[in-house]
Structures are given as structure tokens and as C-alpha cells.
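Heads up, the thing below is written out as C-alpha cells.
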Amino acid sequence: MSLRIIRGCTLIVNDDANLFLNIDTLKLPSLEETTETFQPAGSDMEVDIAGLGVKAFTLQMKLKSHSSGIVGLFGGAPGHRDHFTGKKYIVDEETGQEHEHAIDVTGRFTKIDVEEMAGGKASGYDHEIKSIFEYTEFWDGKVLHRFSFKRGGWLIRGGNEIGVRRRQILGI
């Protein structure tokens with residue numbers, strides 16, 4: 001596998017505001033399983049039991065901007081969520097091949113933290129998007145992962161559809 005370098009990223013809010021000129025950093029959600037430590041009686045060792053679900057997603061970003069349109073998205077009425085599309089432009093340094101890595105999430109701005117302000121420096125805000133109900137990750141247009149809270153969890157993982165029978169049985 002050759003070296004692939006990120007050559008740019010952006011976040012699009014509600015299919016309307018492209019933050020390309022404002023975004024400083026964007027951190028995609030960590031994919032982390034929930035585990036439980038178990039040590040059977042009489043055993044000398046404990047083991048982490050995995051497969052118990054996935055920890056809640058958090059999308060973090062830093063904007064070098066003081067946009068009331070973005071800061072105004074904080075909070076909102078119960079049930080309100082916004083749509084966010086993050087995109088990375090990636091170039092293979094060996095072949096020159098270009099790739100798109102993208103995510104779509106539906107969630108809420110749950111934290112906006114103002115950076116310390118100093119003369120001669122561009123300050124901005126650190127943002128967190130949580131309460132993510134829908135998460136889809138794409139690689140060159142192909143769905144790599146898809147998670148839906150309302151439909152019971154993972155729909156696609158590693159490019160493969162999963163949980164079909166479970167959703168049929170549960171009616172979700």
C-alpha cells in the first residue's frame with residue numbers, strides 16, 4: 001500500500017453551508033466497541049467481552065471563524081438534528097490517484113468552546129457534534145460503514161450488509 005496524503009477537507013452543514021474556508025481541523029468519530037471485563041471464578045486472567053455494541057459517536061472540528069450561522073446551530077428543540085457531510089481529498093503519492101473519503105452524519109452541536117483570544121492570531125471555536133442518529137462513511141462513493149440508531153445499529157460494516165435477519169425479526 002502506498003502513502004496517501006490528505007490534501008484538503010471540508011464540512012458541509014445542512015447541504016447549504018460549505019465550511020472549506022473556515023475549517024481548521026476535522027476529526028471523524030472514533031469507532032470503538034463497548035466491552036465488559038469478565039474474570040470467571042477460579043480463573044487467573046480476565047478477558048474483555050466484545051460485541052456488546054458501539055460507543056456513541058462524536059465528531060469534532062475546529063473553525064477559524066465567528067459565524068453566527070454556525071454558532072446559532074447549537075442546541076435546539078428536542079428531536080432537532082442537523083445534517084453534516086465531511087469530505088477529505090486524498091492523493092496517492094506514488095500513483096497520483098485521487099480519492100474521496102466522506103462521511104454523512106445526522107446529529108447536534110452539543111458543545112461550542114471559544115479558543116483563547118490573542119492579538120495577531122486567528123481564533124475560533126472548537127465544536128462537538130453528538131447525539132448522532134445516522135452515520136455513513138464512504139470511500140470513493142462506495143459505502144464502507146452505515147449505522148442507524150433508529151434501525152438498531154450497523155446496517156453495513158466493512159462494505160458488507162449485516163443484521164438483515166435481525167431487523168426482519170424485530171420489525172425495524
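- Closest non-hydrogen pair, Ser148 versus Glu134, comes out as OG-OE2, 3.0 Å.
- Under the 4.5 Å side-chain criterion, counting only non-hydrogen atoms from C-beta, Asp113 is not in contact with Tyr125.
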* Asked: Between Leu31 and Lys55, is a side-chain contact (heavy atoms from CB on, under 4.5 Å) present by the stated rule, with each step listed?
  -> CA-CA 7 Å; Leu31 301 177; Lys55 291 189 178 182; over 6 Å; no
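- For Glu93 and Arg7, the salt-bridge test passes: some basic side-chain N is under 4.0 Å from an acidic carboxylate O.
- Using modelled atom types, no side-chain atom of Ser30 and backbone atom of Glu32 make a donor-acceptor pair closer than 3.5 Å.
- A continuous path of hydrophobic side-chain contacts links Leu26 to Leu73 [ILVMFWY only; heavy atoms under 4.5 Å].
- Residues Trp139 and Leu28 are members of separate hydrophobic clusters, defined by side-chain heavy-atom contacts under 4.5 angstrom among Ile, Leu, Val, Met, Phe, Trp and Tyr.
- Note on Ile12 and Ile103: separate hydrophobic clusters, where clusters join Ile, Leu, Val, Met, Phe, Trp and Tyr whose side-chain heavy atoms are under 4.5 Å apart, directly or indirectly.
- A salt bridge links Lys87 with Glu100: the closest approach of a Lys/Arg side-chain nitrogen to an acidic carboxylate oxygen falls below 4.0 angstrom.
- Distance check, rounded to the nearest 0.5 Å: CD of Glu128 to NZ of Lys111 gives 5.0 Å.
- In the hydrophobic cluster analysis, where Ile, Leu, Val, Met, Phe, Trp and Tyr join through side-chain heavy atoms closer than 4.5 angstrom, Phe57 is grouped together with Leu11.
- Using a 4.5 Å heavy-atom threshold, the side chains of Met61 and Thr25 count as separate.
- Aromatic ring pairs are classed by plane angle as parallel below 30°, tilted from 30° to 60° and perpendicular above 60°; the pair Phe147 and Trp154 is perpendicular.
- When side chains are defined from C-beta on, Ile70 counts as touching Leu19, because their heavy atoms get closer than 4.5 Å.
- Arg146 and Thr136 are linked by a side-chain donor-acceptor pair at a separation below 3.5 angstrom, with hydrogens and angles left out of the test.
- Residues Pro29 and Tyr135 meet the side-chain proximity criterion, which asks for heavy atoms closer than 4.5 Å.
- Side-chain contact of Asp92 with Ser2: a donor-acceptor pair under 3.5 Å is present, judged by distance alone.
- Here the shortest heavy-atom pairing between Leu59 and Lys27 reads CD1-O, 3.4 Å.
- Across Glu33 and Ala50, no two heavy atoms sit closer than the pair OE1-CB, 3.9 Å.
- Looking only at side-chain heavy atoms (C-beta outward), Asn14 and Phe84 stay at 4.5 Å or farther from each other.
- Using cut-offs of 30° and 60° for the angle between ring planes, the His127 and Phe109 rings count as tilted.
- The nearest pair of heavy atoms linking Ile129 to Ile132 is O-CD1, 3.8 Å.
- Taking the side chain as every heavy atom from C-beta outward, Arg166 and Val164 never approach each other to under 4.5 Å.
- When all heavy atoms are compared, the tightest approach of Arg81 to Ser131 is NH2-OG, 2.6 Å.
- The environment of Glu94 atom CD is sparse: at most 12 non-hydrogen atoms of other residues, nucleotides or ligands sit within 6.0 angstrom.
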Without placing hydrogens or testing angles, list every side-chain donor-acceptor pair under 3.5 Å for residues 34-42, not counting sequence neighbours.
residue	atom	partner	partner atom	Å
Thr37	OG1	Asp48	OD1	2.8
Gln39	NE2	Ser43	O	2.9

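- Placement of Phe74 and Val114 within a single hydrophobic cluster is found when ILVMFWY residues are connected by side-chain heavy-atom separations under 4.5 Å, directly or transitively.
- For the atom pair NE2 (His99) and OH (Tyr89), the distance works out to 10.0 Å, reported to the nearest 0.5 Å.
- In terms of the ring pair (Phe, Tyr, Trp, His ring centres under 6.0 Å) criterion, residue partners of Phe149 (sequence neighbours excluded) are, by chain and number, Phe133.
- Residue Phe20 holds its CZ atom at 10.5 Å from CG of Asn22, rounded to the nearest 0.5 Å.
- Using a 3.5 Å distance cut-off with no hydrogens or angles, the side chains of His101 and Glu137 do pair a donor with an acceptor.
- Looking at every heavy atom in both residues, Asp104 comes nearest to Thr85 through OD1-OG1, 2.5 Å.
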